[in-house]
Structures are given as C-alpha cells and as structure tokens.
Amino acid sequence: MTEQIKSIDSKLNSILSGIKESELEESKYLSRETIMTDAQIELIDKVCEPIFNYCKSHRQVYIDRKVKSYLTYIGKQWDMNQPTFKTIPVTNIIWGIIEYEVPLMTENRPIIKAAAGNPVDIPYAEGINKGLEYVWDSNEMTFRLPFWMRDVLVIGDTFGKIYWDYNIEEIVIDDVEADYFYPEPYVSDVKKMKYVIHAEPRPLHDIVTMYPNGKYVKSENVHSPMAEAVAEEGDTTLYETRESLDAEGVYTSKEGKSVSYRALIKELWIDDKTTTIKSKPVLDEYGMQSYEMVEAGEYKKDKDGNFIPQVIHYQERKYPYGRIIHWANGILLADFVCPYEHGKPPYVHFKNVKMKRSFWSYEDPYQLIAIQTQLNKRKAQIDFIADQTGNSVWVVDVDSGVKRSQITNQPGLIVYKRTGSEVNRLSPPPIPEYLFRNIDDLKFEANFVSGLHSVVTGDKPGSITAGSAIAELIERALVRVKEKTKYMEASIVDLGRLAMSYMRQFWIEPRQFPVFSSMSGGVNKVVEFSGKSLSFDPKIRVIAGSTMTTSKTSKFEQGVVMLRLGIIDRQEFLEYIEYPNAEDVLVRLQQQEEQMQQMQRESEDKEFQAKMQGYLTKLKAAQINKSAKLETQVLANRGAMEEQVFNFNDLLTRPYWTGEGSNITRPTGQGVM
C-alpha cells in the first residue's frame with residue numbers, strides 16, 4: 001500500500017510540476033553538498049535553523065495555552081476517561097459567547113479613509129480611497145474578516161500577510177494562522193522586529209513548481225500544534241479536511257497511519273545590515289572625470305600608460321529593505337533582497353486583549369475555562385443524582401433467589417423472593433438546592449467576565465420598557481466588545497498603510513475607478529489614480545465604530561434628527577441607516593426632482609405666455625378705443641371748424657347789422673360807409 005501511494009505521489013508531482021518523473025526520482029538521492037555551496041549550507045545550518053528553533057521554543061508556552069483554549073471552544077473539555085455510568089455534559093458557553101461577539105464586531109463593512117499628509121496629495125484623496133476599497137474588495141476581506149476575528153477571539157492572535165504578487169500584478173492579502181507564525185522573542189510589535197518567520201506545510205508538487213531547488217526537498221511529517229492537539233488515537237487528520245490533506249500529499253496507509261508527502265516551507269524575513277564596498281568616479285566642477293595626480297599638473301598612470309581615474313569608495317547596505325530566505329527540510333530554496341520599499345515585515349497582527357511587554361494576546365476562553373469546567377461539573381452531578389433517582393440502588397440478599405435480570409424499572413414490577421431474604425431499594429439522595437444556585441452564579445460570572453450581559457442578547461432588562469433607555473443600556477453593555485473592535489480597526493489601519501505603500505511603489509500606470517455621484521443623476525464618474533502621483537504615503541484612518549453593529553432604530557432616529565437640522569444630506573442619511581439600494585433610490589429621487597423642476601418650468605412658461613397674451617389683448621383693445629376716440633374727436637373738431645368757416649363767410653356777404661336771426665346791433669350815430 002505504501003509503495004502504491006509513493007507511485008501515485010511521484011506521478012502527481014510530475015504532472016503538476018511539469019518535470020519528468022525520472023528526474024524527480026533522481027533528485028531525491030542527491031546530497032546537499034552536491035546541490036548547494038558551503039556558504040548556503042552554513043546559512044541554513046548556522047543561521048536559519050537556529051533562529052527557527054529559538055523562536056519555536058520561546059513561543060511554546062503561549063501555543064500550549066492557545067491549544068487548550070481551542071479545545072475548550074470546540075467542546076473537548078473532558079478527558080473521556082470517565083466511567084460509562086457517568087454522563088459528561090458540555091454546556092459550551094465559550095462557543096456561545098464567541099459566536100455572538102464575532103457578528104457584533106464585523107456586521108458592518110469597515111470604512112477606510114485616507115487623509116493626505118501633504119497638501120499636494122489632497123487632489124488625489126478620492127482616488128486613494130477608491131484604491132483602498134479596490135484592494136479590500138479584490139481580496140474579499142468583508143467575507144474573510146469574520147473568520148479572522150473568530151481566530152482572534154478563540155486563540156488570541158491571527159495574522160495577515162500583505163504583499164505584491166508579481167504574477168498577477170495585484171496586492172494580495174493572505175491568512176497566516178498563529179500556528180505558523182514565529183515572531184522574534186521579547187519584541188511586542190511586528191513592525192519593530194528585526195526578524196520573523198512564517199513556516200507553513202506545502203505539498204511537494206507545489207514546492208517543485210515554485211522553486212528551482214524544490215525537486216530536492218524530501219517529505220517530512222509535519223502538522224500544526226492545533227492538528228496535534230485534536231488528534232485522536234494517532235489520527236492527525238481531524239484538524240484538516242480529508243480533501244485538503246489529500247491535495248497536499250497526506251494519505252492514510254493500510255495500517256491507518258498518516259503518511260505525509262509534504263514539507264514545511266520556512267520563510268525568514270530579516271533586517272540584514274550586511275554592507276558591501278562600492279565605488280563611484282569623482283567628477284570635477286564641469287562634470288568630467290577626475291584623475292589621480294602625483295603633483296600639480298602631473299597625473300598618475302598605470303602600467304599601460306593610461307591615466308588612473310580618481311574614485312571614491314563607500315559602504316552600502318546589501319539588503320536595504322531587508323532579506324528574505326526560503327528553505328525546507330535543509331534545502332535552500334530562495335535568498336533575495338526584499339523588494340518592498342517600506343522595509344518592514346509584510347505582516348499585520350490582529351490581536352485580542354494584550355498585556356504590556358507581551359507579543360501574544362490573551363484569548364477569550366482563557367478566563368472562561370475554569371467557569372465552564374465548574375458549570376459542567378455541577379451539571380454532571382445533577383445528572384448523576386437524577387439517574388440515581390430514576391434507578392436507585394437495589395439491595396438483594398445472595399440467597400433471595402432473585403436473578404439480576406428480574407430487577408428492572410418496570411412500573412408495577414413484582415419480584416418473588418425466598419422467605420427470610422431481603423430485596424429492596426435504597427432511597428436516592430435529594431438534589432441539593434445549592435447546586436442550582438451555583439449554576440446560576442456560574443452563568444452570571446461567565447457573562448460578567450465575557451462582558452456580554454443579557455440585555456445585549458435580547459433579554460428584557462427588568463422593568464425598563466422605554467426604547468431610549470434600553471438602547472442606552474445596550475450601548476453601555478457593548479463597551480468591552482467595542483474595545484476589541486478598536487484593536488481590530490487599528491490592525492486594519494496597518495493593513496491600509498502597507499497597501500498604500502505597495503500602491504505608491506507598484507501602481508505606476510494610472511488606474512481608473514468608477515465613483516457614484518447622485519448629483520449627476522446617478523451617472524458614474526471615473527476617477528483616475530496612480531501611485532506615482534503621491535509625494536509620500538498619506539495617513540490612513542478607520543472611521544470609529546464603522547464595523548460595530550448598532551441599533552437600527554437608534555441610527556434611524558439619529559439620522560432623521562441630523563437630516564432635519566441640515567447636518568447631513570439625504571445621501572449621507574441613506575448611507576448612515578444602511579438603506580438597501582441607496583444609490584438607486586438617490587437616482588430616482590434625482591430624476592423625480594429634475595422632472596418636477598421641468599414641469600414647474602413648463603407651467604411657469606405657460607402662465608407667462610397667458611399673461612403676455614392677455615396684456616397684448618388689453619393693449620390692442622386700448623389702442624382701438626384710443627383710435628376711436630381720436631377719430632371722433634377729429635370729426636368733432638372738423639365739424640366745428642366747418643361751422644366757423646360758414647359763419648365767417650356769412651359775415652363777409654351780409655351787413656353785420658342785418659340778417660335774419662342776427663343779434664348784432666347796429667352802432668348808434670354811425671353812418672354807412
């Protein structure tokens with residue numbers, strides 16, 4: 001069976017790596033001395049492995065504590081060496097507490113904002129924020145963050161590895177479990193470490209594909225401390241799924257033993273300050289090469305008669321941003337200069353409650369294990385007494401003639417015995433009242449230690465019925481969880497800072513991001529951003545409480561008040577209350593407003609035209625009336641003039657004192673001329 005497995009594994013490695021099977025087989029029998037130099041062997045044996053062993057031994061105490069917490073979290077509290085007649089109940093309050101804390105901390109999407117640290121970077125702020133959002137979404141961090149925080153709460157720590165993937169030319173964020181992380185001892189912050197190791201088992205076919213020397217790596221039976229802890233009867237496959245182990249080269253032989261065809265790849269990042277001597281030519285004031293002189297006006301010459309150029313020698317760091325070394329099972333796989341200009345380990349530490357001068361955090365089960373153990377012991381005692389009550393002890397004389405099979409719990413059972421013998425049952429002891437009180441006390445202690453009080457889980461707080469009062473109680477009850485959320489958000493800030501460093505270094509070509517704008521009727525505008533446009537890495541911050549769940553009702557009421565006071569607009573209001581399809585709603589509102597404005601303008605135009613038409617009608621009527629009056633006046637004036645002309649002519653043709661109807665009196669004493 002073992003030979004068959006080896007044959008399958010050999011063919012699988014050949015298929016997945018593209019290297020001939022015969023070549024892979026030959027490489028297994030080569031010694032290290034034939035494939036590595038003495039300096040490389042010394043690097044592995046004298047530097048890398050001692051550092052790894054030192055880090056491993058230093059963290060062992062903390063890993064043992066985390067293993068115990070993990071086992072308690074998954075319900076493995078009892079040692080299983082209990083008598084068969086005793087029950088071993090497990091009321092897993094630790095599971096319930098952690099599974100309630102995780103959604104409380106990660107229900108809302110974190111809002112990452114970049115504030116430009118230099119005034120010249122302010123115009124690029126929108127592009128920076130869209131770039132951070134792109135990195136977050138492309139790595140599916142909204143989905144992965146709850147899994148990270150579950151590890152943080154259960155075992156205290158987890159890590160994110162953020163780096164630039166040259167193959168896909170993207171910023172990638174990987175998970176690194178605490179099992180596989182080996183920090184520098186006695187240093188409490190990853191950013192301040194001089195070296196750190198990430199060691200994780202990988203299948204041989206992956207190692208062969210990833211490294212030129214990968215075909216020389218021999219398999220080793222490696223498992224994480226968590227896998228070893230949950231192993232039962234030598235089966236170390238319980239911690240990982242069978243499918244994943246098969247894919248990584250772990251098989252189960254006919255004898256039931258685990259056979260591993262993988263090796264532990266160890267990656268060391270170290271701040272190597274090794275220097276090299278370099279030289280550069282000395283130039284004169286005109287930018288021309290200077291030459292060494294014997295005396296004024298005379299230059300030195302070499303044996304060929306050429307002038308000897310003047311140079312200056314200086315020391316330069318061989319690894320300015322750090323050194324990265326990969327090795328597995330004694331074989332050097334890679335040794336290169338760290339390409340990242342930030343010059344720090346590419347890891348971000350997500351932590352729980354942390355004490356001063358300590359790197360590893362305290363996990364939630366650490367303080368709850370004793371309480372949960374006592375609680376389950378009390379319940380086991382109650383179950384044991386209840387079993388005794390339902391089936392109390394029988395006392396039967398040896399010569400009673402009653403067989404064991406005749407004694408059951410059947411109601412109305414009749415047992416026949418010999419005269420003079422005894423067959424009876426002992427009265428079971430009553431269940432002590434203090435056991436129930438002790439169970440209630442332990443539950444209260446668990447809530448007090450964890451910080452999750454009953455009001456948070458939806459229980460009515462006594463006689464309080466006012467919504468605002470209950471909301472205030474919930475706000476105060478979540479103080480402990482909010483503190484952990486602040487730790488998480490601080491780690492997200494570190495993640496954003498490293499992402500910005502990679503954007504600045506590797507995003508040479510401009511990238512375009514769509515940005516929703518309700519002011520433009522919902523049409524997306526495009527923001528162009530290039531990392532080279534930044535003068536330096538801007539400041540990163542996470543909006544406080546952005547990931548923490550809050551009361552929907554309280555948020556709505558607060559939003560309504562701020563909207564009425566004009567503190568926020570309706571777009572911010574919909575985003576604040578997390579209204580679904582807020583962008584579509586804003587688009588429809590914008591379109592409706594534009595339609596209303598258009599209809600209002602059309603109505604105003606019609607009203608204006610109607611007024612103008614009435615004014616013109618009145619003006620025309622007034623003109624006609626004025627023309628008629630003018631014409632009447634003209635006619636009247638014409639008639640008067642004609643009458644005056646007629647009277648004047650009459651005066652010329654008749655004596656002014658005669659004439660019928662004349663009222664002119666002849667002057668007295670005057671004669672006729």
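Just so it is clear, the structure is predicted and the values come from calculations on it, not from any experiment.
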Enquirer: Are K66 and D157 within salt-bridge range, i.e. N to O under 4.0 Å?
Expert: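 Judged by the 4.0 Å cut-off on N to carboxylate O distance, K66 and D157 do form a salt bridge.
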Enquirer: Would you say K344 has more than 12 foreign heavy atoms packed within less than 6.0 Å of its NZ?
Expert: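 Counting neighbours around NZ of K344, 12 or fewer heavy atoms of other residues, nucleotides or ligands fall under 6.0 Å, so no.
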Enquirer: Inspect the contact between D179 and R59 and indicate whether a charged nitrogen and a carboxylate oxygen are less than 4.0 angstrom apart.
Expert: no
Enquirer: For D151, enumerate each residue passing the salt bridge (Lys or Arg N to Asp or Glu O under 4.0 Å) test, keeping only those at least two apart in sequence or located in another chain.
Expert: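 With neighbours one apart ignored, the set is empty.
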Enquirer: How many angstroms lie between atom OH of Y62 and atom CD of E363, to the nearest 0.5 angstrom?
Expert: 12.0 Å
Enquirer: Can you check salt bridge (Lys or Arg N to Asp or Glu O under 4.0 Å) on R150 and E101, steps first, answer last?
Expert: CA-CA 9 Å; R150 183 173 287 104; E101 283 183 312; over 6 Å; no
Enquirer: For Y195, enumerate each residue passing the side-chain hydrogen bond (donor to acceptor under 3.5 Å, both in side chains) test, keeping only those at least two apart in sequence or located in another chain.
Expert: none
Enquirer: Would you call K130-E133 a salt bridge at under 4.0 Å N-O?
Expert: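 Salt bridge: yes.
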Enquirer: Are E49 and K266 within salt-bridge range, i.e. N to O under 4.0 Å?
Expert: yes
Enquirer: Which heavy atom of S361 sits nearest a heavy atom of G156, and at what distance?
Expert: CB-O, 3.3 Å
Enquirer: If the condition is side-chain hydrogen bond (donor to acceptor under 3.5 Å, both in side chains), which residues does Y366 pass it with, not counting sequence neighbours?
Expert: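 Residues passing side-chain hydrogen bond (donor to acceptor under 3.5 Å, both in side chains) with Y366: none at all.
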Enquirer: With sequence neighbours left out, what residues match D165 under salt bridge (Lys or Arg N to Asp or Glu O under 4.0 Å)?
Expert: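 Salt bridge (Lys or Arg N to Asp or Glu O under 4.0 Å) check on D165 returns nothing, list empty.
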Enquirer: D38: which residues meet the side chain to side chain contact (heavy atoms under 4.5 Å, CB included) condition with it, sequence neighbours left out?
Expert: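 Not a single residue meets the side chain to side chain contact (heavy atoms under 4.5 Å, CB included) criterion with D38.
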Enquirer: If you look at every heavy atom in E99 and Y73, which pair is closest and at what distance?
Expert: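 E99 and Y73 have their closest heavy atoms at OE2-OH, 2.6 Å.
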Enquirer: Using the salt bridge (charged side-chain N to carboxylate O under 4.0 Å, His left out) rule, collect all pairs that involve residues 319-339, keeping only residues at least two apart or in two chains.
Expert: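 Qualifying pairs, neighbours excluded: D272-R323, R323-D335.
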Enquirer: Do the numbers put R511 on top of the ring of W507, so that NZ or CZ is under 6.0 Å from the six-membered ring centre and no more than 45° off the axis?
Expert: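 Relative to the ring axis of W507, which defines the angle, R511 lies inside both limits.
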Enquirer: Which distance, rounded to the nearest 0.5 Å, do you find between the CZ of F181 and the SG of C55?
Expert: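 The CZ atom of F181 sits 9.5 Å away from the SG atom of C55.
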Enquirer: Got V67 and I63 here, is their nearest side-chain heavy-atom distance under 4.5 Å?
Expert: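 They are in side-chain contact.
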Enquirer: Checking side chain to side chain contact (heavy atoms under 4.5 Å, CB included) for the pair T158/D175: CA distance, chi angles, key distance, verdict?
Expert: CA-CA 8 Å; T158 195; D175 309 340; 5.9 Å; no
Enquirer: Please report whether the ring centroid of F359 lies less than 6.0 Å from that of H349.
Expert: yes
Enquirer: With S530, which residues qualify under side chain to side chain contact (heavy atoms under 4.5 Å, CB included), at least two apart?
Expert: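 Result, side chain to side chain contact (heavy atoms under 4.5 Å, CB included) vs S530: P510, K532.
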Enquirer: Between W269 and D271, is there a side-chain heavy-atom distance shorter than 4.5 Å?
Expert: yes
Enquirer: Quick check against the 3.5 Å criterion: does S57 have a side-chain atom that pairs as donor or acceptor with the backbone of Y54?
Expert: yes
Enquirer: State yes or no: are the ring centers of F52 and Y182 separated by less than 6.0 Å?
Expert: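 Close enough - the centres of the two rings lie under 6.0 Å apart.
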Enquirer: Test of understanding: with side-chain hydrogen bond (donor to acceptor under 3.5 Å, both in side chains), list the residues that count as partners of Q40, not counting sequence neighbours.
Expert: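 Here no residue qualifies.
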Enquirer: Taking all heavy atoms of V196 and all of P345, pick out the closest pair and write down the distance.
Expert: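 Heavy atoms only, the tightest pair is CG1-CB, 3.8 Å.
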Enquirer: Within the structure provided, determine whether P320 and V337 are in side-chain contact (heavy-atom separation under 4.5 Å).
Expert: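 Yes, close enough: below the 4.5 Å cut-off.
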Enquirer: Indicate yes or no: at least one non-hydrogen side-chain atom of N329 is less than 4.5 angstrom from one of L264.
Expert: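 They are not in side-chain contact.
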Enquirer: Go through the steps for K354 and N352 under the test side chain to side chain contact (heavy atoms under 4.5 Å, CB included), then give the verdict.
Expert: CA-CA 6 Å; K354 187 177 177 181; N352 200 352; over 6 Å; no
Enquirer: Shortest non-hydrogen contact from L153 to P365?
Expert: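 Shortest heavy-atom separation between L153 and P365 comes out as O-CD, 3.3 Å.
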Enquirer: Could you pull out the closest heavy-atom pair between I331 and Y216, with the gap in Å?
Expert: CG1-O, 3.9 Å
Enquirer: Please check if any side-chain donor atom of W164 sits under 3.5 Å from a side-chain acceptor atom of E170, or the reverse.
Expert: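 No - no donor-acceptor pair under 3.5 Å links their side chains.
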Enquirer: Working to the nearest 0.5 angstrom, can you tell me the gap between F506 CZ and Y163 OH?
Expert: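 Rounded to the nearest 0.5 Å, the CZ-OH separation comes to 12.5 Å.
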Enquirer: What's the separation between atom CD in E169 and atom CD1 in I508, rounded to the nearest 0.5 Å?
Expert: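 E169 atom CD to I508 atom CD1 measures 9.5 Å (nearest 0.5 Å).
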Enquirer: Apply side chain to side chain contact (heavy atoms under 4.5 Å, CB included) to residues V348 and V190 and explain how you reach the verdict.
Expert: CA-CA 7 Å; V348 175; V190 174; over 6 Å; no
Enquirer: Within the distance-only criterion (no hydrogens, no angle test), does the side chain of Q505 pair as donor or acceptor with the backbone N or O of E341 below 3.5 angstrom?
Expert: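 Checking the backbone N and O of E341 against the side chain of Q505, a donor-acceptor pair under 3.5 Å is found.
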Enquirer: Using ring centroids (six-membered ring only for Trp), state whether H198 and F159 fall under 6.0 Å.
Expert: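 No; H198 has its ring centre 6.0 Å or more from that of F159.
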Enquirer: Rounded at 0.5 Å granularity, tell me how far CG in L132 sits from CD1 in I492.
Expert: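 Separation between the atoms: 12.0 Å.
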Enquirer: For the aromatic rings, using the six-membered ring if either is Trp, is the centroid distance between Y502 and H342 under 6.0 Å?
Expert: yes
Enquirer: Does I312 CD1 have over 12 foreign heavy atoms under 6.0 Å away?
Expert: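 No, the 6.0 Å shell around CD1 holds no more than 12 heavy atoms from other groups.
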Enquirer: Between K194 and K273, is there a side-chain heavy-atom distance shorter than 4.5 Å?
Expert: yes
Enquirer: For Y319, check ring-ring contact (aromatic ring centres under 6.0 Å, His included) against everything at least two apart and list the hits.
Expert: none
Enquirer: Suppose we screen for ring-ring contact (aromatic ring centres under 6.0 Å, His included). Which residues come up paired with F147, at least two apart in sequence or across chains?
Expert: F143
Enquirer: Is any side-chain heavy atom of Q310 closer than 4.5 Å to one of P281?
Expert: no
Enquirer: Can you check whether I324 reaches L268 side chain to side chain, under 4.5 Å on heavy atoms?
Expert: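 The answer is no; the side chains never approach within 4.5 Å.
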Enquirer: Tell me, with the steps shown, if Q512 and V527 meet side chain to side chain contact (heavy atoms under 4.5 Å, CB included).
Expert: CA-CA 6 Å; Q512 294 182 339; V527 174; over 6 Å; no
Enquirer: Taking only residues two or more places apart in sequence or in another chain, which ones pass side-chain hydrogen bond (donor to acceptor under 3.5 Å, both in side chains) with E267?
Expert: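 For E267 the side-chain hydrogen bond (donor to acceptor under 3.5 Å, both in side chains) partners, ignoring immediate neighbours, are K161, H326, Y347.
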Enquirer: Without swapping roles, check the side chain of N139 against the backbone of M141 for a donor-acceptor pair under 3.5 Å.
Expert: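 Not at all, since once roles are kept as given, no pair shorter than 3.5 Å links the two residues.
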Enquirer: Is there a side-chain contact between K68 and L71 in this structure, where contact means two heavy atoms from C-beta onward sitting under 4.5 Å apart?
Expert: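 Contact flag for K68/L71 side chains = no.
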Enquirer: Tell me, please, which residues at least two apart from K278 pass side chain to side chain contact (heavy atoms under 4.5 Å, CB included).
Expert: T276, Y314, E316
Enquirer: A263 and K218: which non-hydrogen atoms are nearest, and at how many Å?
Expert: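 The pair with the smallest heavy-atom distance is CB-O, 3.9 Å.
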Enquirer: About how many Å separate CD1 of I41 and CE of M36, when rounded to the nearest 0.5 Å?
Expert: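 One gets 4.5 Å once the value is rounded to the nearest 0.5 Å.
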Enquirer: Does K484 pair with D364 as a salt bridge, N-O distance under 4.0 Å?
Expert: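 So K484 pairs with D364 through a salt bridge.
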